[in-house]
Each structure stands twice: as structure tokens, then as C-alpha cells.
Enquirer: 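First, the structure itself, so that you have it in front of you.
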Amino acid sequence: MDELEKIEGNERVYSLNLGPQHPSTHGVLRILLDLDGEYIVKADPVIGYGHRGHEKMGENRQYKQFLPNTSRMDYLSGMLYNHGFVLAVEKLAGIKVPERAKYIRVIASELNRISSHLLWFGTYLLDLGGITPFLYAFDDREQILDILDAISGSRLTYSYCRFGGVSRDVDMKFIEMTRAFLKRMEARWVDYEDLVTKNVIFIHRTRDVGVISLELARQYGVTGPNLRACGVAFDVRRSEPYEVYDRFDFEIPTGSKGDALDRYVVRFREMQQSCRIIDQALEHLPEGEIMTPKVPQKLSPPKGEVYTAFESARGLTAYYLVSDGSPGPYRCHIRVPSFGNLNVLNDVLPGTLVADAIAILGSVDLVIPEIDR
Amino acid sequence: MGYFKDIFNGGLSLIEGMGVTARRLFRPLVTVQYPRKKIPLSSAYRGHIELKIFGESGTHKCIVCLNCEKTCPSGVIRVQGEKLKEKGPKTLTSYVIDFSRCSLCGLCVEICPTSTLKYSREYELVGETWADCKIDLLARLARQVEEMEAEKKTQGIAA
Amino acid sequence: MSEGLLGSELFRLILGLVIVLAFSQLNALFLVWLERKVSGHIQLRPGPMEVGPHGLLQTIIDGVKLVGKELIMPLKADRKLFFLAPVLVFTPVLVGFLVLPFGPGLIIHDMNVGVLLVFAFSTITVLAILTGGWASNNKYALLGAVRSVAQNVAYEIPLLLAVMSVVLMVHSLSFSQIVASQKTVWFVFIQPLACLIYLIAATAETNRAPFDIPEAESELVAGFHTEYGGMGFGLFFLAEYTNMFIVCAVATSLFFGGWNGPFGISLGIPGVFWFLIKTYFLIFVIMWVRWTFPRVRFDQLMNFSWKVLIPLSLVNLVITAIVVKII
Amino acid sequence: MNCLSTYLIISALLFSLGLLGILQRRNLIGMLISVELLLNAANLNFMAYNRFLVSDPVTGQVITLFVMGLAAAEAAIGLSIILALYRKMHSINIEAAQKMKG
Amino acid sequence: MKINDIEARMHSKFPESPLNRDDTGGTGVQWSIAVPISGIRDAATEFDAAGFFLESITALDFEDTFELVYHFNCYEPGSRASVRMLCGHDEVPPSICDIFRGAVWLEREVHDFFGIKFSGNADMRPLLLPEDADYHPLRKTFGKVGAYHKREVIYG
Amino acid sequence: METSGLNFILQAAFWVTVALTVAGASIAVFPRNILYNVLGLALALTGIAGFYLFLGSLFVALMQLLIYVGAICIAIVFAIMLSRPLHMEALPRPRAKVWLGILGSAVFFIGAVSVALKTKWLPAAGHVYNSSQWSVQNIGNALLTRYELVFEVISLVLLVAIIGAVITAGFSRRISS
């Protein structure tokens, strides 16, 4: 390290602007890199290019009007964000949700989680230079989007959940489609393992790259698959089960070292676990209402606050809503997982190669608009 | 010997990967040539909103209550109505949406007391100017009514 | 005067060059199309379909578009070198065609040092890439250029060593003699290791995935040609594909029996077709590899060359030398 | 054109250009480039003499090849010294190298 | 359970501070404690030592005061705790960025949106707002002014 | 008639090569930009390879390209990239040094040219130019028979040089990832 300091401040170090427009920054992220040759001496992520003021919008809107905003924060797991928001508001207003709606929400959320992970899988391989897995993953993701399109009517920003239920009931066709998808994925996992997981080049590119130690992860508040890759089985679906997650039998995959390969494996196995959850939920999907009948159009929850955490595709996400009794929140704060996941890169990137930096950046699965909010 | 084993296993994994791509070479394609071939829309598809045509009256049922305009989070909808008679409901004179700002949340459809709003099945919505994104729903309705009548006529002739 | 070398051959050379120019351009356009088709079908999509039957004319349209584009140069770029580089990158590529044995007698200039000629000129490509990368005055381009140089230094050695083991067997540096001596048995069966090393090193030489680190899209945007647009980019692009053809053609002549059919069976097909079939098959393999694997990292690439390819090719060369001496 | 003295004059020109480079440059890599020019001028002479005067056809060529080998060695060593110097002094100017004495 | 240990510790450390417990999990936070401005560093040190991580820092803007809310959590089920701290509109709370490294950005974000400066955080450049931003959008006085309450209106 | 036309082309080619070589050498020496120098050197070396071709030895010409352009120029470029003099401010050349250099090289040039022109060069006894004798086989034979010792020594020198270069430049990275 002392040698590193010696090199700083002389003409060897030059800076490189990675982004805001770069093929691998996934959105408008800019990282100011100080490089020595191809080694990174210092990394300073610059964010905020996609800041839209969702929190301020939340304060100026009614609860239901803010719902469409939520899926635009993390557009890759819009269903999960919708889901979390309705959970928060239901908790705040004390609305009960019918069982069927709970199951449907879980199925839709898990499908969305798989689609988000599949997109990450594809783009991560794209970052590493493999183009074909990206298109295979998108092929699979397309199936999920079709399923979600069939129930919600849109493919990315769903606005499917409602306070007290969901907006549309599912039919047999949906169940068939989902089952067919689960069956299809069985064969695909094998293909992906052959094509990517076992690939010697891939393993060499990711093993021991971008190690986030458990202590570092804790310091920065890293959550989600990135944390689980460090060996902690921390998942909001398990630690504070919401909806009906406590009724399902699923594992929380963990890694050991916290390197990029572990993060990859954890996400990969998480997709398989999500499939298991969906399978069980389809099995036990009850009949009945999908909407609580007594939810007023203009919802005015009582005074108070609620902090509702849920597991989005990227980690622990939480809505912090403070109500003053009016139809809109007094304060609407969103805790986003990518914030900590990007922040930790301040410590992880220095000392790595530019090529590694791309591999690390891809492996933590950032969605920049989620950070910018 | 670990050296040669690594090389061998590495090579094997590469060949396995090539096997996966090679198999795909002979599978049917999954994409379609879009403008020539179109995929059927899902039944739930939500395009921009439009006014529903009710069979008995052959027109919409908008009562200009302005609920949709008020509930829209993005200020998409502009509704204007006039009182044609001294007593009685207002009549819709203009219903324009600015689709470029719409977030397709569907609040307007849900809140409409007469259920006269519905999602269209329009998805080819390219525009070159902001003005192209402004959709006059009344004009659209008139067009649709005309088309329906024309269709009825041809059907009548055929019958 | 050295008429023996330059005299009567001169007109043939010039004629050959004209044909080569035409062929290489058409071939490169075809290869670009082929690459798109191969990648498309591997990825379960049709590839270009709109222009011409199955998009066959797509690359020509693209070429016309590239020619029509404005030549944009970054403000502080080095003007002379910036425009020199794309031209420079194309010249060595053409020289390679001079000695390629397309068929028996179908060779522009059958030199007794033909193999050497191809590799002597191929190094100029690196200089051109470097010039282009440096002249762009762009850090990504410069990084790509530096990577290209380092990669070239590392892969030239196993490439030449692999070729040398074949040369040792034939006792000749002339392509036609090398091909002629594979009448019945192709050298790929006698020298499988050398063939593999040659193909790997050649992939690296032509900056093809998984060794495309000089232009690594996800890391360096477009590497050394980041700042090039229009025909500047077009020339780099064409040169890459022409280079690929040459490398595969050389592999065909060195290891896959050139114009000879397998095991001396020609099936009545003219030699030139055998040659082209095999070359295009090798090109297909290289494309297939590109659309399958992720990119290796820069230092892993160097390690792979120094720790695996060079020792193996050296051992292979020594064994070949001993065996040749004994026989 | 193709006679001995033409080559000799060209080689003399190259040599004096190389000499000029060595004498006036401060950049060590620039000096190395000039040295390469000198070696090539000598090589050209060898080849020309071999072609026009010497009875044995290979001597000049072989010597040229040897000089090339030596030039490669010289370049390798020279460049590595320059790199080492650069790491130490952060400069590749000849004045920087002079600091090393004594 | 770590959460009970730390609750006892916090209680003994800040004996006069009100501590709200939510056993039903209705608000998503197991318990919350209100600390004075000077106490936040002590509290954060305790949480750090107990192996908690910092989930979020946010602020509420009231007519009379800011309220900073720190959410801590650990890797055990149901262990979220919040530390609340009243902070006058012109007060400068101490930074905890040397205790939790991730706090640097969280505090920067709070500074962006509310204009609360943290003493001890050297990096106070705008994070999400433009580099030259001199406004604080989440203050209730910014932009369209809606409801602007005193703290007791909501928390009694 | 055809031979004269051919001769003209050859003549032209020769003088073009001369021009390129001299231009390359000048670019290698005069510009302050080190990358220009290297490219100039590459051009001059390619020109010299052309001369070898005119002198009748294709093999040496190709070796010239392979070793000088392909290896040495690339190595120099590599060193340039590693030491990054491009980003440094180029110091002005001392005027006295420049004049001294010009004077020295001019004196040498005049001397060498006058020697070259005044000497009556006589081919050695038994000199016959025969292109068939200038073949690769002959060179190879000579290398491994008459010049074998020199060949071995040069190989050794190269090996030592490579090892020395590796040690001097040092492969160790300053920052380990």
C-alpha cells in the first residue's frame, strides 16, 4: 500500500471517465477512475443523472397515484416494487388482503424476480464479452413478460397490485403458461450451466474478482444476493416473512467468498428457488376474491408511520411512509438496495484492472435509476 | 499433472459450451420479422385509453365529471364539456390525452363512474413531434363509429 | 538486374493484385454477412433479412452507408496519423493474398519463402492499430492500442513456432510445396497440437473473440477504433475480416491439406473449391467460437500464451525436430 | 541506379541521419531509434558489397542476419534499461540518466 | 437475540430517552429510541459493535424541526431498530461515517435533499442533485408547498 | 520494348523506395513526437527491406520486416506506451548540441560519400551474380556449417539479452489485485 501512495500524485496516474455513456454502466452511471496503466487507483462513482424526485412526487400525490411511480424506480423488478408499496400502504391503513390475491402477488413477484435475474444474467455475460447467453436469457425472459403481460397488461411497469388485492384475476391459461415456463426452464438451467457456469473462461474471469468481505458488506449495508454471496443467509422473505412466504419451502442460496463467481452462483440458484416457490404457490392457489371490497377510492390512512421491507431482486428494499391522515403521505422515503451495493464499490474497485471493474460492476447487479430515484 | 488436467478440463468445458450453441443452430427461430408478422396481443393489453362505444346509444357515456382528469397523476387528460340544456348533464365537447406523459397506471379507467373509458389495443404509436402524442379521443370515437357503420353496411350487403 | 524475381512476374503480380483487391472486398462483405447469419442462427434469430434474398445485400448497403458518412475526427487528434491508420491496416492484409495457394498453379506468386511473407507483413497490422489508437487522442483507444501490441507480442511467438513445426516436416517455406506434401495425409492428423495452437494464436492475432481485448466492447467501448466512423471504421472492419480469411486460408494450407481432398480423394471437385470449402469452414468455426464464449481478461490472455501455448508449441517443435531427424 | 555507389550513398545518408539523431536527441528512446538507423545503414552496406563485389553469395546475408539478431538483443536490453530508468527517475531524458553517476 | 441485547444496552446508555417498542411488527420496526444530537455517535458505535448494519438514514421536515431517522438492522430475523434524533433547522449533527462507511453517501443524500450538514463528513458534494445545486427539494418549503405540520401533529 | 518499359517501372520503384527510406529516416530523427519517430523508423526499415529485394535477397528482406518492423519497432512502441513520454512536455533541444550534431553528421556524410565515389570498387575474383545461389537453402547451410559458432553465440547473446531485459524491466506489478 505504501507504494501505492507513492505513485499517487505523479504523472503516472491518469483519469478515465467510465460513463455516463458506456456500454457497461447499465444506465447513466459515471465512474471517475484514476488509472495507473490498466490498474485502478481510485474509483469515484458519480450518480444522479437519472434523478426524478420520486420521493418528492410521493409527498405531492395520493397513495394510489404514487403506485405507478414505484415500478419506475427499478424498472426491472417493477412488480416487486409495486408489491412492496401496496404492502406498506396496506399496513399503514390496516387493509386485509384476500388469500388468493396474496398467492397471485407472490407468483407474479417471483416471476418478476426471475425475469430480473435473467436480464442480469444476460447483461453480465454481455459485460464479460459473451453475447449469445444474453439472447438466450432474453428469450426466456420473454416468456415471463408474456405471462405477466397476460395478467397485468404491460410488460415492464406493471402497476398490477392494488391496495387490498390485485387488479385482474388469473385464469387457467395463466396457470398453464406458468407451468409450461417452469418446465421449460428445467432444461434451460442445464444449458446455462454448460454454456456459462462451467466455462473455464467465465470461471477465470469471475473467481476471486471483486471480493466483498462480510465486514465490508455490513459497513456499507450491502444486501440481497451480494450479501448472501458472502455467506449470510439473510433474506427478507425469511427474516420478516410478508404475504405467504412463510408457507413455502425454499432455500436461501449462499456463497462463501463473496467474489463475483459467488454472486453469480447465488443469483443463478435463486432463480431456481423462485421456480420452486412459484410451483408451490400454483399448487396451493386458493379460490376466492382477489380484491378486498371495502377499500375507499380516496385512501386516507390514520396518522403514523410504517417501514415496510421486502426483498426486491437486488436486496432489501423498504418504503418508509409517514402519514398525517391526508390522502397522500407526509414523507415517502425509499430505501434502495443498489445504493449500498454501488457504494461498496468505492472500496472494492481500487487495485483491480479495468476489465475486472466491468466484471465487478456487472456482478453486483445495479439498476441506476433505482439509486437515483 | 494438475497443469495438464486444468488444460484438459478447461478445453472440455469450452467444447461443452460450443455444443450448446451448435444445437441452437438447428432449432427454430424465436423472433418474428416485426412489420411483416405480428404477435397476437395479450387479452389484458393496455394501450392508451379510449372511449367505449355502447351498443344501445352508439356512443360514449361520458358525463364530464372530471374524475379522470383529477385522478390522473401525470396530468394527461384534458376534458371539456358544455351545458347544452339549461337543466341536465354536461355534454362532452373535447377529450384530449397527451400520451407522451401517460404512465398507463389505469387510475382513470378504474375511477370512471360510467365505465366509459377502456384501454385501446393500439401499440404502433410512433410520433415525430409532441403534437403527434396528443390524441383526440372524440375524433377517434367518431372514426370508430364510422368504421363500425361501414362494416355493418358491408355485412348487410353480404347478407 | 534481377529479372528472375521481378521481371516477368511483374505483370502477373499487378493483375493478381487487382483480382485480389476485388476478391478480398467481396469476400469481406460476404464474411460480414456470414458472421451476422451465424450469430443470428446461434441466437435463434434470423439475422439480416431485409435487403436482398436473406439479407445478402445488407453488407453492401452498409458499406454504401459507411462510404457516405462524414469523416469525423476528434478535435485534438493527430490528423495525419488518424487518416493513415485505416489505410495502413489494409495494406499488409492484401500482401497475404499474393502467396495463398488457392489451387494447383492458382497462386499469384509462388515464392519459396511464402510462409514467411505472410507473417512478416501481418505485424504491420499492429502498427496500424497502434497508430490509429494513439492518433485518436482518446484514452479508450489508447488502452485498446496498447493491449493490441502486448497481445501481438505474446501470440506471434506460438504462432510462428506452430508454423515452424510444419515447415520442419516439409523442409520448405513455400506454400505450394507444403500443400503438395499433404496429398494423402493432412498435417492436422500428424500435428494436431500445432494446429490447435495455430488456430488459437491466429484467433488472438486477428483480435477475434474470445481474444478481442483490443476492441473489448464492454470495457473499452470500441477499443482502438472508438473514434473512427464512416469509411475509417469500414476499413478497419474489412481488414479484420480479410485478415480472418487469410489466417484461415493459411491454416487450410498448412494443416488441412490446402487444395487436396481428404485422404487423397478429390471426388472430382476442383482443388480451389476444396480450398475454399475448408477455409470457410474454419472461418465458421472461428465465428462459432466468438458467439459462444465470454472474453478473457488481458492478463489471463498473456498468461495463457506464456504459460501454455509457448511451452507446448516449443515442446511440439522439439519433438517434431527429433522425429524428423530420425526418420 | 542499381549499382554499388548508389547504395553506398544511401547508406551514408542513413548513417549520418542516425548520427545526427544520436548527437542531438535527449530522449533515450529517440536515441535508440537512431541507433537502429545506424545498424541498418551498415547492414545495407554489407548487402550491397555482397551483391556487387564478394564472390561468396551468403556471407553478407548471414552477417546481416547476425546484425539483426544483435539489434534485437540490443533493443531488448536498451528498452528494459530505459524502462528501469523511467521507473526510477520518471523521465527518459538523457540528463536524468546522468544523475546516476557517482 | 442481538436486538434484545442492544435494546438493554441502549436503554442503559440513554435512560431518559423514550423507547418505543412494537412487538406486533405493525410499523416494521422492532423498537425505536429517541436520542439527543450528541448521542447518535454513541448509539451508532453500539450498533456497530453488535454487528448491525445501517439500512437507511433519512429525515423528516417539520415546521419546528428536522427529525433524522436512522434504521439499523442485523442479519437475524426481526431485528430492525430505529434511532430518531431531533435536529433543529440550523443545527449540525455529527456524522457517523467513520463508524459506518456506507453512511458517507447516505448523509450526502440527506444533505442533498434537506440541506442538513453533517460535521465530520468531509465529502458533502451533492450526490443525486447536480453539482451546483443550492436547493434542497425535500424540504416542505421547496416547490409546491403542501401540508407543513409541526412534529406533534403526527407524533402527538 | 517490353523490357525497357519494365526497366522504367523498376527504376521508378527504386527511386520511390529511396525517397521513402530517406523520408522515413528523416521522420525517425527530426520530429519531436516519439511516435512519429517510431513510425518513421518503421517506414525506413521497410524501405531498406525494399533495397534488399532489389539486391536480390527476398529472404533477408522478409527477415528485415519480421525482425525489425515486427519485433523491434513493436518493442520500442511498447516501451513508449509503458513509459508514456507522450504525456510529458518535450524539452527543447540545446541549440549548440543541434549544430554540433548537424556539423558532425555532415562531415561524416561528405567523407563517406567521397570515399564511396572515389574508391574504385572492384569485384573480387570469381564474383558472379547468380540469383539461384542467393537462396534460403544456401543461407541455412552456411548458418549451420561455416557460421555455426557465430550462430550459437548470437543465440546465446539473445537469450542472455532476453533474460537480462526481463530482470531489468521487472515483471512485478506494483499494485497486486
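Chain letters run A, B, ... following the sequence lines, proteins first, then strands; residues in each count from 1.
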Enquirer: Heavy-atom cut-off 4.5 Å, strictly under: side chain, backbone, both or neither for A76(D) against chain F?
Expert: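 The answer is both parts of A76(D).
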Enquirer: Would L17(D) and S105(F) count as a side chain to side chain contact (heavy atoms under 4.5 Å, CB included) here? Give the steps.
Expert: CA-CA 7 Å; L17(D) 276 172; S105(F) 45; over 6 Å; no
Enquirer: Sort out for me which of L158(F), V113(F), I162(F) touches chain D most, counting heavy-atom pairs under 4.5 Å.
Expert: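 Looking at each of L158(F), V113(F), I162(F) in turn, L158(F) comes out on top.
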Enquirer: Side chain from CB out, backbone as N, CA, C, O: work out which of these in L20(D) comes under 4.5 Å of a heavy atom of chain F, or both, or neither.
Expert: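 Both backbone and side chain of L20(D) come within 4.5 Å of chain F.
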Enquirer: What residue in S11(D), A41(D), A71(D), G78(D) has the most heavy-atom pairs under 4.5 Å with chain F?
Expert: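 Counting heavy-atom pairs under 4.5 Å, the top option is A71(D).
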Enquirer: Which residues satisfy the ring-ring contact (aromatic ring centres under 6.0 Å, His included) test with F15(D), sequence neighbours excluded?
Expert: F108(F)
Enquirer: Given a strict heavy-atom distance threshold of 4.5 Å, which part of L45(F) is in contact with chain D: side chain, backbone, both, or neither?
Expert: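 Only the side chain of L45(F) comes within 4.5 Å of chain D.
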Enquirer: According to side-chain hydrogen bond (donor to acceptor under 3.5 Å, both in side chains), who are the partners of S34(D), at least two apart in sequence or on a separate chain?
Expert: none
Enquirer: Do the ring centers of Y7(D) and F14(F) come within less than 6.0 Å of each other?
Expert: yes
Enquirer: So what's closer than 4.5 Å to chain D heavy atoms on V150(F): side chain, backbone, both or neither?
Expert: both
Enquirer: Select one option (side chain, backbone, both, neither) describing which atoms of V153(F) are under 4.5 Å from chain D's heavy atoms.
Expert: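 Neither the backbone nor the side chain of V153(F) comes within 4.5 Å of chain D.
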Enquirer: With chain F as the partner, which of L39(D), N43(D), L32(D), I22(D) has the greatest number of non-hydrogen pairs under 4.5 Å?
Expert: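 Most heavy-atom pairs within the cutoff with chain F belong to N43(D).
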Enquirer: Is T21(F) in contact with chain D via its backbone, its side chain, both, or neither, using a 4.5 Å heavy-atom distance?
Expert: both
Enquirer: Do N40(D) and Q64(F) meet the criterion of a side-chain donor-acceptor pair at a distance under 3.5 Å?
Expert: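 Their side chains do contain a donor-acceptor pair, which is all the 3.5 Å distance test asks for.
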Enquirer: Heavy atoms, side chains only, cut-off 4.5 Å: are Q24(D) and I102(F) in contact?
Expert: no
Enquirer: Does any part of the side chain of Y147(F), heavy atoms only, come nearer than 4.5 Å to the side chain of L65(D), both counted from C-beta?
Expert: no
Enquirer: If you round to the nearest 0.5 Å, how far is CD1 of I72(F) from CD of E36(D)?
Expert: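 If we round to the nearest 0.5 Å, E36(D):CD and I72(F):CD1 are 4.5 Å apart.
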Enquirer: Using a cut-off of under 4.5 Å on heavy-atom pairs, state which of V38(F), I48(F), V115(F) scores highest against chain D.
Expert: I48(F)
Enquirer: For the residue pair V60(F) and M68(D), establish whether any side-chain heavy-atom pair is separated by less than 4.5 Å.
Expert: yes
Enquirer: Please state whether the side chain, the backbone, both or neither of I76(F) comes within less than 4.5 Å of a heavy atom of chain D.
Expert: both
Enquirer: Is it the side chain or the backbone of I9(D) that comes within 4.5 Å of chain F heavy atoms, both, or neither?
Expert: both
Enquirer: Could you go step by step and tell me if T64(D) and Y52(F) meet the side chain to side chain contact (heavy atoms under 4.5 Å, CB included) rule?
Expert: CA-CA 10 Å; T64(D) 306; Y52(F) 294 164; 3.9 Å; yes
Enquirer: Side chain from CB out, backbone as N, CA, C, O: work out which of these in A28(F) comes under 4.5 Å of a heavy atom of chain D, or both, or neither.
Expert: both
Enquirer: Relative to chain F, which segment of I10(D) carries a heavy atom at a distance below 4.5 Å: side chain, backbone, both, or neither?
Expert: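 Contact with chain F involves the side chain of I10(D) alone.
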Enquirer: Would you please test L100(F) and L23(D) for side chain to side chain contact (heavy atoms under 4.5 Å, CB included) and show each step?
Expert: CA-CA 8 Å; L100(F) 203 72; L23(D) 289 178; 6.0 Å; no
Enquirer: Please flag which part of F51(F) lies under 4.5 Å from any non-hydrogen atom of chain D: side chain, backbone, both or neither.
Expert: both
Enquirer: Counting heavy-atom pairs under 4.5 Å with chain F, which one of G21(D), G18(D), A75(D), A72(D) comes out on top?
Expert: A72(D)
Enquirer: Please classify the contact between L14(D) and chain F as side chain, backbone, both or neither, with a heavy-atom cut-off of under 4.5 Å.
Expert: side chain
